[in-house]
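Written below as structure tokens is the structure these notes are about.
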There are 2 protein chains.
Amino acid sequence: MEVSFDKVLDKFTKVLKKSNLRMTEQRKKLLELIFDSHDHFTAEELYDRCKARDLGVSKATVYRSLTLLTEAEMLEAHNFAQNALVYEHIYEHEHHDHLVCTECSKVVEFTCEAIEKYQRDVAKENRFTFESHSLNIFGLCPDCQRKQKSK
Amino acid sequence: MEVSFDKVLDKFTKVLKKSNLRMTEQRKKLLELIFDSHDHFTAEELYDRCKARDLGVSKATVYRSLTLLTEAEMLEAHNFAQNALVYEHIYEHEHHDHLVCTECSKVVEFTCEAIEKYQRDVAKENRFTFESHSLNIFGLCPDCQRKQKSK
DNA sequence: GTCAGTGCAAATGGTTTGCACCTCA
DNA sequence: TGAGGTGCAAACCATTTGCACTGAC
């Protein structure tokens, strides 16, 4: 666990309180599951983990909680593929972009200050405000390159 | 029309032939609609234009043709939002990235050689092959900034 | 006690597919 | 003439929603 659960719980509780929302057993259980590892995951995968551990959290609650955590800026949703959103932690994590393997879907994070800077320049040149960006580089990861060669 | 229809028709016909596929009336009509402007569009929008002009092309054929044109590398599909793929011409057009307005969904194209170069470097550093990338910068376009101020 | 949260099942909406009929090469 | 193409409606699948019940504060 990269961030202490207490800290995560505290943060989410405070964000909820601001909007007059409540901390519930289900939300607590989901938080624990989500921040237990730093993996990228889909709503469906999270729900499967709930079922596997018999947490008694419904699919609807999983989806609703992911939306809340994204609004709270504790998670970020990515459109790597068109079929399902992929979530990842952003609470207490530096911003980064992604290398995505087109074969096995493995995701590797990277940061590049120079690219960040040029993006701001581009937005300014076009008189757009800079809210956010998504940069994904697609290619074969080292493992899949090896597998492909040995075919 | 930015590319002559004859050229587009010729290209698609050749690609189809390679896979033992046929040029049909429906595919011809869709090509004409698609390459008549350089706008970004969704499958649904294209289908609506078909209906408006009474072209007699079904939704299934629209979807199937968009897939074929993407495979033929005449169109590219983008995941700007999670709800619908947005298509654009890439045949006879330079590669570029996108500024997307978070308010009105307007898309502005840009190219930045420096960013392209850094991306290749990042892929190499992580021993990924470089197949493609998607870079989208999200913010408010000039028009929407103006509207927001005057509220 | 009240209002938000939950589970369930049904609805949604973009996209895909099975199938019988049609048509290009 | 036969394989590929088409239209239609049904299926899919991630996600959302309506509703009656439950529970946090």
Side-chain angles (χ1 to χ4, degrees), chain A residues 9-10 12-33 40-51 53-72 75-87 105, chain B residues 9-10 12-33 40-51 53-72 75-87 105:
Chain A
L9 181 60
D10 187 56
F12 194 31
T13 308
K14 279 180 180 153
V15 173
L16 289 173
K17 195 162 285 171
K18 259 189 208 153
S19 307
N20 249 329
L21 305 180
R22 298 160 185 171
M23 178 51 67
T24 63
E25 271 316 300
Q26 288 88 337
R27 288 174 183 168
K28 234 180 252 181
K29 284 175 185 166
L30 284 172
L31 264 191
E32 211 158 351
L33 264 192
H40 296 70
F41 62 94
T42 64
E44 214 63 23
E45 283 163 8
L46 183 58
Y47 176 59
D48 287 345
R49 288 171 68 195
C50 285
K51 276 193 301 188
R53 301 186 189 198
D54 251 316
L55 297 188
V57 177
S58 72
K59 189 175 285 197
T61 295
V62 167
Y63 277 93
R64 288 189 271 235
S65 299
L66 288 173
T67 303
L68 284 171
L69 284 164
T70 303
E71 285 165 2
L75 293 181
E76 196 166 86
H78 295 284
N79 266 293
F80 293 139
Q82 74 263 207
N83 55 326
L85 286 173
V86 174
Y87 291 88
S105 297
Chain B
L9 181 60
D10 187 57
F12 193 32
T13 307
K14 279 179 180 153
V15 173
L16 289 173
K17 196 162 285 172
K18 258 188 209 155
S19 307
N20 250 330
L21 304 179
R22 298 162 185 171
M23 177 53 65
T24 64
E25 270 317 300
Q26 288 86 338
R27 287 174 183 168
K28 234 181 254 180
K29 285 176 185 167
L30 285 173
L31 263 190
E32 210 157 352
L33 265 191
H40 295 71
F41 61 94
T42 63
E44 214 63 23
E45 283 162 7
L46 183 57
Y47 176 59
D48 286 345
R49 288 172 68 196
C50 286
K51 274 193 301 187
R53 302 188 188 199
D54 250 317
L55 297 188
V57 176
S58 72
K59 191 175 284 197
T61 296
V62 168
Y63 278 94
R64 288 189 272 235
S65 299
L66 287 174
T67 303
L68 284 172
L69 285 164
T70 304
E71 285 166 2
L75 293 180
E76 196 166 86
H78 296 284
N79 266 293
F80 294 139
Q82 73 263 207
N83 54 325
L85 285 173
V86 173
Y87 290 89
S105 298

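To find a chain, count down the sequence lines: A is the first, B the second, and so on, and within it residues start at 1.
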Please tell me if the side chains of [X] and [Y] come closer than 4.5 Å, counting only heavy atoms from C-beta onward.
X       : Y       : value
B/Leu33 : B/Leu55 : yes
B/Arg53 : B/Arg49 : yes
A/Glu71 : A/Val15 : no

Exercise. How would you list, by chain and number, every residue that makes a side-chain contact (heavy atoms from CB on, under 4.5 Å) with B/Tyr87, sequence neighbours excluded?
Worked result: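 Residues passing side-chain contact (heavy atoms from CB on, under 4.5 Å) with B/Tyr87: B/Phe41, B/Leu66, B/Thr70, B/Leu75, B/Ala77, B/Leu85.
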How many Å lie between [atom1] on [X] and [atom2] on [N], as a whole number?
X       : N      : atom1 : atom2 : result
A/Tyr47 : C/dT6  : OH    : C1'   : 13 Å
A/Asn79 : D/dA14 : CG    : P     : 14 Å
B/Gln82 : D/dT16 : CD    : C1'   : 12 Å
B/Leu69 : D/dG5  : CG    : P     : 13 Å
B/Leu30 : D/dT6  : CG    : P     : 8 Å
B/Lys29 : D/dG5  : NZ    : P     : 17 Å

For this session: Using the closest heavy atom to pick a nucleotide of DNA chain D for each, name whichever of B/Leu68 or A/Thr67 lands nearer the 5' end.
Result: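 With B/Leu68 and A/Thr67 compared, the 5'-side residue is B/Leu68.
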Closest non-hydrogen atom pair between [X] and [Y], with its separation:
X       : Y       : value
A/His40 : A/Glu45 : O-OE1, 4.1 Å
A/Leu30 : A/Thr61 : CD1-O, 4.1 Å
B/Ser58 : B/Tyr47 : C-CE1, 3.8 Å
A/Cys50 : A/Val62 : SG-CG2, 4.3 Å

Would you tabulate the pairs of protein nitrogen or oxygen atoms and nucleotide nitrogen or oxygen atoms of nucleotides 23-25 of chain D closer than 3.5 angstrom?
| residue | atom | partner | partner atom | Å |
| --- | --- | --- | --- | --- |
| D/dG23 | N2 | A/Arg22 | NH1 | 2.7 |
| D/dA24 | O3' | A/Met23 | O | 3.4 |
| D/dC25 | OP1 | A/Met23 | N | 3.3 |
| D/dC25 | OP1 | A/Met23 | O | 3.4 |

Problem set entry | Comparing A/Arg27 and B/Gln26 on DNA chain C - which has the more 5′ nearest nucleotide | A/Arg27
Exercise. Taking only residues two or more places apart in sequence or in another chain, which ones pass salt bridge (Lys or Arg N to Asp or Glu O under 4.0 Å) with A/Lys17?
Worked result: none
Exercise. What pairs with A/Lys29 under salt bridge (Lys or Arg N to Asp or Glu O under 4.0 Å), at least two apart in sequence or on another chain?
Worked result: none
Exercise. Of the candidate nucleotides D/dA14, C/dG7, C/dT15, which contains the atom at the shortest distance from the side chain of A/Val57?
Worked result: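 Among the listed nucleotides, the one closest to the side chain of A/Val57 is C/dG7.
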Problem set entry | Within residues 58-66 of chain B, residues whose heavy atoms come under 4.0 Å of DNA chain C |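 By residue number: B/Lys59, B/Ala60, B/Tyr63, B/Arg64.
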For this session: Would you check if the side chain of A/Arg27 reaches a backbone N or O of A/Arg22 as a donor-acceptor pair within less than 3.5 Å?
Result: yes
For this session: Mind grabbing the angle between the end helix axes of the helix from C/dG1-D/dC25 to C/dA25-D/dT1? Five pairs an end, 10° rounding.
Result: 30°
